[in-house]
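Notes for the one structure printed next.
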Amino acid sequence: MPDLRPARTRFAPSPTGFVHIGSMRTVLFDWLLARQTGGQFILRVEDTDRKRYVPGAEEQLKASLQMMGFQWDEGPDVGGPFGPYRESERLPIYHPLAAEMEERGILYRCFCTPERLEAVNREKQARREPPGYDRHCRNLSPEDRAAQQAAGIPSVLRLATPLDGETVLHDVLRGPITFKHAVLNDPVMIKSDGFPTYAFAANVDDHLMEITHVLRGDEWIATSPYHVLLYQFMGWEQPVWVHVPQVLGTDGKKLSKRHGATAINEFIERGYLVEALTNCLALVGWGYDETTEFMTREELIERFSIERISPNGGVFSHDKLNWFNGHYIRQHTPQEIAGMIMPYLEKAELVSTPATPEQQALVERIVPLIQDRLQTLSDAIDLSRFFFEAPTQYVRNDLVPKKLDVATTKELLQHAYTTLSGLVTWDEEGLEPALRDLAEQRGVKAGDLFMALRVAATGSKATPPLFQTLAVLGQAATLERLTVATASLE
RNA sequence: GGCCCCAUCGUCUAGCGGCCUAGGACGACACCCUUUCAAGGUGUAGAUCGCGGGUUCGAAUCCCGCUGGGGUCACCA
């Protein structure tokens with residue numbers, strides 16, 4: 001059973017764009033762990049790169065988390081005891097700490113220009129050596145250092161990585177991972193503009209904010225020795241490191257725009273339910289047991305465990321998402337679904353915005369007919385369109401049953417018109433016997449008559465059951481469409 | 001290229017030395033239900049567990065090598 005100490009987890013995105021499903025899955029795990037243990041889920045905005053600042057991205061990102069129902073306990077706006085939660089606002093916290101580290105020799109000042117760094121790399125590459133900083137400023141004399149600083153030469157603070165030995169990262173999913181110091185470099189911790197890099201800010205903040213479990217993408221494994229080193233130099237207790245595997249596109253490649261929707265808000269907008277998204281996401285790289293597929297949010301909270309996260313990357317399957325979504329759509333009451341699809345019908349201009357009471361009543365009658373057929377909420381547009389708009393044209397081969405010819409079909413539809421226009425009780429119970437009788441009288445298979453009528457009334461060969469459909473469509477509309485369809489058979 | 005991670009049906013996965021003639025789910029296909037399409041039910045196909053060596057009485061499960069895929073080598077996160 002999982003460790004029940006309250007966990008403090010965090011999602012620390014840089015506000016550069018939308019939240020894609022891979023990140024959202026990490027958020028899910030973070031959130032589940034916090035909820036399960038009675039801990040806190042923290043949102044921290046890593047906006048330390050002013051060049052990559054994207055206006056509105058933070059709002060976008062917060063909106064996505066809220067759409068999914070992952071409310072943060074501490075973070076921008078809501079605050080908390082370890083604020084501020086926007087790293088750009090934490091410079092007053094970073095600077096004294098950086099000064100202390102410089103004092104203690106953990107960090108050292110480097111005056112190398114970007115041009116020199118580039119030149120060094122070019123040379124190394126020419127000699128077929130791995131690229132990387134040559135530690136030129138690491139052994140500067142105190143006098144040189146003072147002189148350069150006095151001269152106002154821009155500088156950065158670098159981590160003085162040990163030259164010998166090794167650092168071990170203890171990742172819960174993979175066990176110990178050893179990195180030889182010889183292959184490491186001296187990464188920049190404080191940039192020349194005074195802002196920290198990820199390596200500094202993320203780890204300082206995780207420590208200061210008392211984060212107990214760091215869940216992040218496994219692309220961070222390679223740089224993690226620097227993070228571990230920082231903790232060790234400062235004598236801080238390390239968090240539990242959990243490098244979760246990548247979520248891949250359908251072709252097994254890294255997720256990109258080429259795979260269709262990747263941003264969580266796109267899925268929501270296209271009519272995927274939060275329950276389905278959550279359930280499906282939880283099952284990419286994690287599973288409760290051999291057979292369980294459906295789990296509520298509460299069950300997920302209860303059953304989640306980081307030990308069962310699989311270390312290998314997985315494809316996020318749209319097929320499976322569709323299946324989950326259809327399932328959850330069927331779980332809702334027709335009234336609930338009516339409310340959920342209304343925005344889609346409004347947007348498609350099938351109903352007015354807002355819908356009139358008459359339109360709402362109609363939609364409520366339509367939902368029971370299409371609910372089983374919805375894979376996403378937006379499917380409701382095409383599935384219910386014919387209720388609002390008469391077919392504009394007919395495909396003759398669809399209208400005419402295979403065994404019948406045009407003339408016979410036309411005659412059949414004319415008889416149907418007579419039967420239907422004389423019908424007093426316009427509901428399923430009234431329609432079915434009348435039409436079955438008609439088929440028998442005319443000597444055609446009931447199915448053939450029904451298909452001709454279906455196409456005449458809806459313009460489509462695939463619809464909900466005919467009698468229910470006609471009942472909702474109404475007598476006047478049905479007869480009108482029948483007339484047009486019949487006329488098209490010239 | 002160096003370093004690191006990963007490797008079971010098309011996909012998500014179960015499996016943590018014998019219960020595996022490798023289980024489930026999605027998808028595919030077939031049948032049933034049925035006025036069409038769905039939903040639902042039943043069933044079929046689909047992995048010689050990437051390859052090669054070991055260890056062991058016994059390996060998908062442990063070890064080594066190889067191959068393949070991915071990540072990372074920024075004053076980006």
Side-chain angles (χ1 to χ4, degrees), chain A residues 12-16 46-49 51-52 110 112-114 117-118 121 125 128-133 154-158 169 171 173-174 177-180 182-185 187-199 201-202 216-225 243 245-246 248 250 252-254 280 283-294 310-324 326-327 330 369-375 383 398 432 435-436 439 445-455 458 460-467 469:
Chain A
S14 66
T16 50
E46 307 217 323
D47 55 350
T48 55
D49 186 1
K51 292 189 288 292
R52 295 214 307 169
C110 166
C112 293
T113 62
L117 263 25
E118 234 174 88
N121 272 338
Q125 245 142 31
R128 302 190 59 188
E129 284 174 28
Y133 181 53
S155 62
V156 301
L157 250 23
R158 288 182 183 271
L169 166 73
D171 178 87
L173 306 184
R174 304 154 227 267
I177 302 171
T178 304
F179 298 87
K180 289 199 170 34
V183 305
L184 265 28
N185 269 299
V188 172
M189 304 300 267
I190 302 289
K191 299 182 263 187
S192 56
D193 64 2
F195 279 75
T197 58
Y198 175 91
R216 61 191 352 180
D218 62 9
E219 69 269 23
W220 288 105
I221 292 178
T223 42
S224 62
H243 290 93
Q246 217 99 55
L248 309 166
T250 7
K253 296 271 169 56
K254 201 173 172 179
C280 198
L283 260 22
V284 180
W286 180 82
Y288 175 57
D289 60 14
E290 293 190 18
T291 53
T292 306
E293 297 284 343
F294 298 114
S310 121
N312 52 303
V315 172
F316 181 71
S317 164
H318 285 231
D319 279 335
K320 195 143 189 178
L321 208 217
N322 284 336
W323 175 71
F324 269 114
H327 169 83
R330 277 168 242 128
L369 305 190
I370 63 170
Q371 189 164 2
D372 280 0
R373 296 165 175 76
L374 294 176
Q375 226 157 30
L383 286 175
D398 288 350
E432 177 153 10
L435 292 172
R436 285 197 187 279
K445 283 181 66 181
D448 286 343
L449 199 221
F450 297 164
M451 184 50 87
L453 281 173
R454 179 193 322 282
V455 174
T458 69
S460 170
K461 289 175 74 175
T463 74
L466 182 65
F467 314 121
T469 301

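Just so we're on the same page: letters track the sequence lines, and every chain starts at 1.
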Rounded distance in Å between the [atom1] positions of [N] and [M]:
| N | M | atom1 | result |
| --- | --- | --- | --- |
| U48(B) | A22(B) | C1' | 11 Å |
| A60(B) | G18(B) | P | 11 Å |
| U72(B) | C9(B) | C1' | 32 Å |
| C37(B) | G43(B) | P | 23 Å |
| G68(B) | G52(B) | P | 16 Å |
| G15(B) | G23(B) | P | 15 Å |
| C16(B) | U11(B) | P | 23 Å |
| C29(B) | U21(B) | C1' | 24 Å |

Now, which nucleotide makes the Watson-Crick or G-U wobble pair with [N], with each of the two distances under 3.5 Å?
| N | value |
| --- | --- |
| C73(B) | G1(B) |
| C31(B) | G41(B) |
| C19(B) | none |
| C26(B) | G10(B) |
| C49(B) | none |
| U36(B) | none |

query = Do the non-hydrogen side-chain atoms of Arg158(A) and Cys112(A) ever get within less than 4.5 Å of each other?
reply =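 A side-chain contact is absent here, since even the closest heavy-atom pair is not under 4.5 Å.
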ask   = What distance do Phe179(A) atom CZ and Ile221(A) atom CD1 have between them, rounded to the nearest 0.5 Å?
value = 7.0 Å
request  = Measure up the Phe294(A) and Phe324(A) rings against each other and bin them: parallel (under 30°), tilted (30 to 60°), perpendicular (over 60°).
outcome  = perpendicular
Aromatic ring pairing Tyr198(A)/Trp220(A), orientation class (parallel under 30°, perpendicular over 60°, tilted between) =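 Ring orientation, 0 to 90° scale: parallel.
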Sugar-phosphate only, base, or nothing, as touched by [X] at under 4.0 Å among non-hydrogen atoms:
| X | result |
| --- | --- |
| Pro154(A) | nothing |
| Thr16(A) | nothing |
| Pro15(A) | nothing |

inquiry  = Can you build the contact string for nucleotides 4-14 of chain B? Use B for base contact, S for sugar-phosphate-only contact, and - for no protein heavy atom under 4.0 Å.
reply    = SSSSS--SBSS
query = When you check every protein heavy atom under 4.0 Å of nucleotides 28-51 of chain B, what one-letter string (B, S, -) results, 5' to 3'?
reply = -------BBBBSS-----------
task = Establish, with yes or no, whether the OP1 or OP2 oxygen of A77(B) is under 4.0 angstrom from a side-chain nitrogen or oxygen of Lys51(A).
result = no
message = Strictly below 4.0 Å: does Arg158(A) bring a side-chain N or O up to OP1 or OP2 of C75(B)?
response =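 Yes, Arg158(A) has a side-chain N/O under 4.0 Å of OP1/OP2 on C75(B).
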query = Hey, is the main chain of Lys51(A) close enough, under 3.5 Å, to the side chain of Asp49(A) for a donor-acceptor pair?
reply =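 Looks like yes, one N/O pair under 3.5 Å.
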message = Treating Thr469(A) as the side-chain partner and Pro464(A) as the backbone partner, does any N or O pair qualify as donor plus acceptor under 3.5 Å?
response =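 Indeed, once roles are kept as given, a pair shorter than 3.5 Å links the two residues.
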query = Quick one: which of Leu157(A), Ile190(A), Val188(A) gives a side chain to side chain contact (heavy atoms under 4.5 Å, CB included) with Pro196(A)?
reply =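 Of all the options given, the one that passes is Ile190(A).
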query = Are any of the side-chain nitrogens in Lys320(A) or Glu293(A) under 4.0 Å away from the carboxylate oxygens of its partner?
reply =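 Judged by the 4.0 Å cut-off on N to carboxylate O distance, Lys320(A) and Glu293(A) do form a salt bridge.
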ask   = Hey, which of these two, Arg128(A) or Val188(A), hits RNA chain B nearer its 5' end, going by closest nucleotide?
value =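 Mapping each residue to its closest nucleotide by heavy atoms, the 5'-most match is Arg128(A).
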